Amino acid sequence: MRIAWASTVGIISNIVLIASVVVLIVEIRQNQVSMLAQSSYERTQMSIANDQALVKDAQKKINRKIDANEKITEDELLAFRLWDSQMIRYFENLHYLNSIDVLDDEIWEANLRGILTFCRRQKDHPDYPALSANDEFKFRSSFVEFFKASCGLDQ
C-alpha cells in the first residue's frame with residue numbers, strides 16, 4: 001500500500017511539474033508577443049517623427065549641404081544630430097530584438113540596409129559621424145560593436 005501511495009504521489013508531482021513548465025512556456029511566448037507589439041508601436045512612433053522631420057525637408061537640406069561640403073549652421077547640426085541619434089536608437093532596438101529572436105527577417109534586412117547607409121555617410125563625411133565616440137556609452141555595447149564591424153570601423 002505504501003509503495004502504491006508513494007508511486008501515486010510521484011506521478012502527481014511529475015504531472016504538476018510538467019503542467020508548470022507548459023504554463024511557463026505559454027507565458028514566455030505571450031511576453032515575446034507583447035514585447036514585439038510594444039516595439040512595433042515604438043517603431044511606428046519613431047517613423048511618424050522621422051516623417052515629420054522629412055516633411056519639413058530639414059533633413060534633406062542638411063544632407064545635401066553635407067554632401068556638397070557646405071558649412072551647416074549650429075541649428076542644422078543640432079537637428080542633424082538629433083535625427084541621427086533617433087535613427088541609431090531605432091537600429092539598436094532592432095538589433096536587440098533580432099538578438100533575442102523576436103524580429104521578422106524582412107525587418108532585420110531593412111535594418112541592415114539602413115545601417116549600411118549610415119556607414120557610407122560616416123565614411124564619406126567623418127566630420128559628421130552617425131555614431132561618435134562620445135555617444136557610444138548611450139548604446140548597448142553589443143550594438144556598438146556590431147555597428148562598427150558592419151561599417152568597417154572596428155580597430
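Fair warning: this is a prediction, and the values are worked out from it, not measured in the lab.
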Trp108-Phe91 aromatic ring centre distance below 6.0 Å: no

With clusters defined by side-chain heavy atoms of hydrophobic residues (ILVMFWY) lying less than 4.5 Å apart, directly or transitively, does [Y] cluster with [X]?
{"X": "Leu116", "Y": "Phe118", "value": "no"}
{"X": "Val22", "Y": "Leu17", "value": "no"}
{"X": "Ile100", "Y": "Phe139", "value": "yes"}

What distance do [X] atom [atom1] and [Y] atom [atom2] have between them, rounded to the nearest 0.5 Å?
{"X": "Met87", "Y": "Thr117", "atom1": "CE", "atom2": "OG1", "result": "9.0 Å"}
{"X": "Asn63", "Y": "Glu76", "atom1": "CG", "atom2": "CD", "result": "11.0 Å"}
{"X": "Ile72", "Y": "Leu77", "atom1": "CD1", "atom2": "CG", "result": "4.5 Å"}
{"X": "Phe143", "Y": "Tyr96", "atom1": "CZ", "atom2": "OH", "result": "15.0 Å"}
{"X": "Leu112", "Y": "Asn98", "atom1": "CG", "atom2": "CG", "result": "7.5 Å"}
{"X": "Ile107", "Y": "Leu94", "atom1": "CD1", "atom2": "CG", "result": "7.0 Å"}

N/O donor-acceptor pair under 3.5 Å between [X] side chain and [Y] backbone:
{"X": "Glu145", "Y": "Ser142", "answer": "no"}
{"X": "Glu92", "Y": "Arg140", "answer": "yes"}
{"X": "Ser150", "Y": "Phe146", "answer": "yes"}

Side chain to side chain contact (heavy atoms under 4.5 Å, CB included) between Ile88 and Lys138, worked out: CA-CA 10 Å; Ile88 294 294; Lys138 297 177 185 176; over 6 Å; no

Greater than 12 external heavy atoms within 6.0 Å of Glu70's CD: yes

Asp84/Arg89 ion pair, N-O < 4.0 Å: no

Sub-4.5 Å side-chain heavy-atom contact between His95 and Ile115: no

Full working for side chain to side chain contact (heavy atoms under 4.5 Å, CB included) between Ser20 and Leu24: CA-CA 6 Å; Ser20 298; Leu24 181 62; over 6 Å; no

Sole residue of Ile11, Ile12, Ile18 in side chain to side chain contact (heavy atoms under 4.5 Å, CB included) with Ile15: Ile11

